[in-house]
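Chain A is the first sequence line, chain B the second, and so forth, proteins listed ahead of strands; every chain is numbered from 1.
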Number of protein chains: 2
Amino acid sequence: MVIGMNTSTRSATKRAEILQVASRLFYEQGYHQTGVQQIIAEAGAAKGTFYTHFKSKEELGLAWLSARHTTWNGWLQDAIRDQPTARGKILGIFEFLGTWMEDCHYRGCAFLNTLCEMPDCDPAIRAEIANHKRELKELFQSLVAQHQPEASQADSQQLGTVLFLLFEGTLIELQNFREPWPLDGARQHVESLL
Amino acid sequence: MVIGMNTSTRSATKRAEILQVASRLFYEQGYHQTGVQQIIAEAGAAKGTFYTHFKSKEELGLAWLSARHTTWNGWLQDAIRDQPTARGKILGIFEFLGTWMEDCHYRGCAFLNTLCEMPDCDPAIRAEIANHKRELKELFQSLVAQHQPEASQADSQQLGTVLFLLFEGTLIELQNFREPWPLDGARQHVESLL
DNA sequence: TTTTGATGACCGACCGGTCGGTCGTTCATC
DNA sequence: GATGAACGACCGACCGGTCGGTCATCAAAA
C-alpha cells in the first residue's frame, strides 16, 4: 500500500515535474522556442519518460494551458475576493493587472501569446484559449449585471464586453510598452463608466 | 548604363522577391514556424543569395516589420481618408477592422503576433513594434483632439488612449474568436463616447 | 576595339546542432 | 513472472548559417 503509493507518487511526481518545468519555460520563452530536450533536461527526466506521460509535445502544451487556466483564475479570484461590491471587483480585476505586471517574470497572457504564436494549431488548443477568454468576458458581464441590476441584460452584456475588450487591450499593451500608462488610462475610464 | 541598371534591377528584384515571400509566410505561419529554407524555396532563390541580401533571419524579420508598418498604415489611411470629420475617421478605423478581418488571410496584427512570439528578441524589433503602436495611439489622440477642440489636452490624450486600448482588445479578440461581436461591441461603445 | 581583371549577384552542397519522436532495455514493485 | 515507469541511445528531418565556385557585367589596359 505504502510502497504502491510510492510508485504512483514517483510517477505522478515525474509527470508533474515535467509539466511544472514546461509551464515555466513555455511561458517565459514561448512554446516554439522551448524544445522537449530542454524541458526534460531541466526536469531531470529522460526522453522516454517524457513520452510515457505525454503522447506529444502538443499534448503537453494543451496540459499546460489547461492547468494555467485554473492557476490564473485562482490568482484573479484571490485578488478580487475581498472586494464587497461588484464595482470593486471590476476595478480589482484591473488592479490585478498592475500587480501581475510587476512580477519580474511577466510576459503577458499565456493564452494570447500562444494564440499569436500558433496560427494553425490543434483545435483543442484553440478551444482552450477561446474558453479561457470567454469565461473572463462572462465574468465581466455578470459583474456588470450585479452592479447595474436595473439595466437590461443586453446593456449589461454590452458593457461587460467593452470592459473585457479594454482589459485585453491593456494587457497586451502593458506587455508591449512595459509602462504603466495603459493601465492608468484604462482604470480611469472604467471608474468613469461605473 | 542600361545594362548596369539591369544588373541592379535583377538584384533588387531578388531581394524584393525574398522579402515579399517572407512577408507572406511570416504573417500566415508566424516567424518561428517559417524557415529560411521554405522562404528561399518559394522565392526561387539559393541559400547564398539570401545571405548576400540579409545578414541573418532576424534582419529579414526586421525588414518585414518595417515594410509592414508602411503597408498597414497605407491601408488604414485609404480606409479613413474620405471621412470628412474626425468622428468619422475614428469610427472608420474600427470599420477598417471589419473589412480587414474579412480578408481570408486575416491572422491578426503582425506586430502583436511577433511581440507574443518573441519574448527576448532583438531590441530593434521590439522598437519597431512599439513604434507602430505608439503611432496608432497618437493617431487616435490627435483625432480626439480634433473632434473635441474644447477639451483639455489631458482629456484628449486620455480618451485617445482608451480608444487605442479598445482597438487593440478588439483586434486580438477578433483573431481569437473569429466572430464579429467584439467589433460590434467596440463600435457601439465608441459611438456612445463621441 | 579588344582583352583582361575586378566585382558581386547567384548558386547549391555542406556544416554542426537541434528538432520532435521511437525503441529496446533495465529495474522496482506487486 | 508480469507490469509499467524510467532510461538514454538513436532516428530522419530540419534548423540557421557558411563557403567555394560560376557567371554576367563593366571599367581599365592593350
Side-chain angles (χ1 to χ4, degrees), chain A residues 1-23 25-26 29-65 114 117-118 120-122 124-125, chain B residues 1-23 25-26 29-65 114 117-118 120-122 124-125:
Chain A
M1 182 64 175
V2 171
I3 300 176
M5 277 182 65
N6 280 346
T7 301
S8 67
T9 298
R10 267 203 293 112
S11 307
T13 297
K14 257 313 183 211
R15 195 196 129 101
E17 280 173 1
I18 291 173
L19 181 55
Q20 183 180 332
V21 168
S23 296
L25 294 177
F26 281 161
Q29 307 181 358
Y31 177 84
H32 285 124
Q33 298 251 78
T34 303
V36 172
Q37 303 205 52
Q38 184 186 9
I39 294 169
I40 61 174
E42 297 200 16
K47 208 63 167 297
T49 306
F50 177 93
Y51 282 97
T52 60
H53 291 298
F54 303 95
K55 80 173 186 194
S56 67
K57 182 191 179 185
E58 201 165 41
E59 188 183 278
L60 173 66
L62 186 58
W64 162 53
L65 288 181
T114 305
E117 198 176 350
M118 303 177 63
D120 48 3
C121 64
D122 182 354
I125 291 181
Chain B
M1 181 69 175
V2 172
I3 299 176
M5 278 181 64
N6 280 346
T7 301
S8 66
T9 299
R10 266 205 292 112
S11 308
T13 297
K14 252 326 181 205
R15 196 196 129 101
E17 280 174 3
I18 291 173
L19 181 56
Q20 182 180 332
V21 167
S23 296
L25 294 177
F26 282 160
Q29 307 181 354
Y31 177 84
H32 285 125
Q33 299 248 78
T34 303
V36 173
Q37 302 202 53
Q38 185 186 9
I39 293 169
I40 61 174
E42 298 200 16
K47 210 57 167 303
T49 306
F50 176 92
Y51 282 97
T52 60
H53 290 298
F54 303 96
K55 80 174 186 194
S56 68
K57 182 190 178 187
E58 201 165 41
E59 188 182 278
L60 173 65
L62 186 58
W64 162 52
L65 289 180
T114 304
E117 199 176 349
M118 303 178 64
D120 48 3
C121 63
D122 182 354
I125 291 181

Length of the [atom1]-[atom2] vector between [X] and [N], whole Å:
| X | N | atom1 | atom2 | value |
| --- | --- | --- | --- | --- |
| Gln33(A) | dC15(D) | CD | P | 15 Å |
| Leu25(A) | dG20(C) | CG | P | 12 Å |
| Phe50(A) | dA5(D) | CZ | C1' | 15 Å |
| His32(B) | dG16(D) | NE2 | C1' | 12 Å |
| Tyr51(A) | dC11(D) | OH | C1' | 12 Å |
| Leu60(B) | dG17(D) | CG | P | 10 Å |
| Ile40(A) | dC19(C) | CD1 | C1' | 12 Å |
| Tyr31(A) | dG20(C) | OH | C1' | 9 Å |

Any [X] side-chain nitrogen or oxygen under 4.0 Å from OP1 or OP2 of [N]:
| X | N | value |
| --- | --- | --- |
| Gln37(B) | dG16(D) | no |
| Lys14(A) | dA6(D) | no |
| Thr49(A) | dA5(D) | no |
| His53(B) | dC10(C) | yes |

Is the shortest heavy-atom distance from the side chain of Leu25(B) to the side chain of Ile39(B) under 4.5 Å?
yes
With the side chain counted from C-beta on, respond yes when Glu58(B) and Tyr31(B) share a heavy-atom pair under 4.5 Å apart, and no when they do not.
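In short, these two side chains touch, coming nearer than 4.5 Å.
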Give a yes or no on whether a donor-acceptor pair under 3.5 Å exists between the nucleobase atoms of dG21(C), that is its base, and the side chain of Lys47(A).
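Yes, a donor-acceptor pair under 3.5 Å.
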Which part of the nucleic acid, if any, lies within reach of Gly35(B) when heavy atoms closer than 4.0 Å are counted: base, sugar-phosphate only, or nothing?
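Sugar-phosphate: the residue Gly35(B), judged by heavy atoms under 4.0 Å, touches backbone atoms but no base.
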When Ala46(B) and Val36(A) are each assigned the nearest nucleotide of DNA chain C, the 5'-most assignment goes to Ala46(B)
Of the non-hydrogen atoms in Phe54(A) and Ala63(A), which two are nearest, and what is the gap between them?
CE2-CB, 4.3 Å
Please name the residue in the list Val21(B), Thr114(B), Leu60(B) that meets the side-chain contact (heavy atoms from CB on, under 4.5 Å) test with Phe26(B).
Leu60(B)
Taking atom types as modelled and ignoring hydrogens, do the side chains of His32(B) and Gln33(A) form a donor-acceptor contact shorter than 3.5 angstrom?
yes
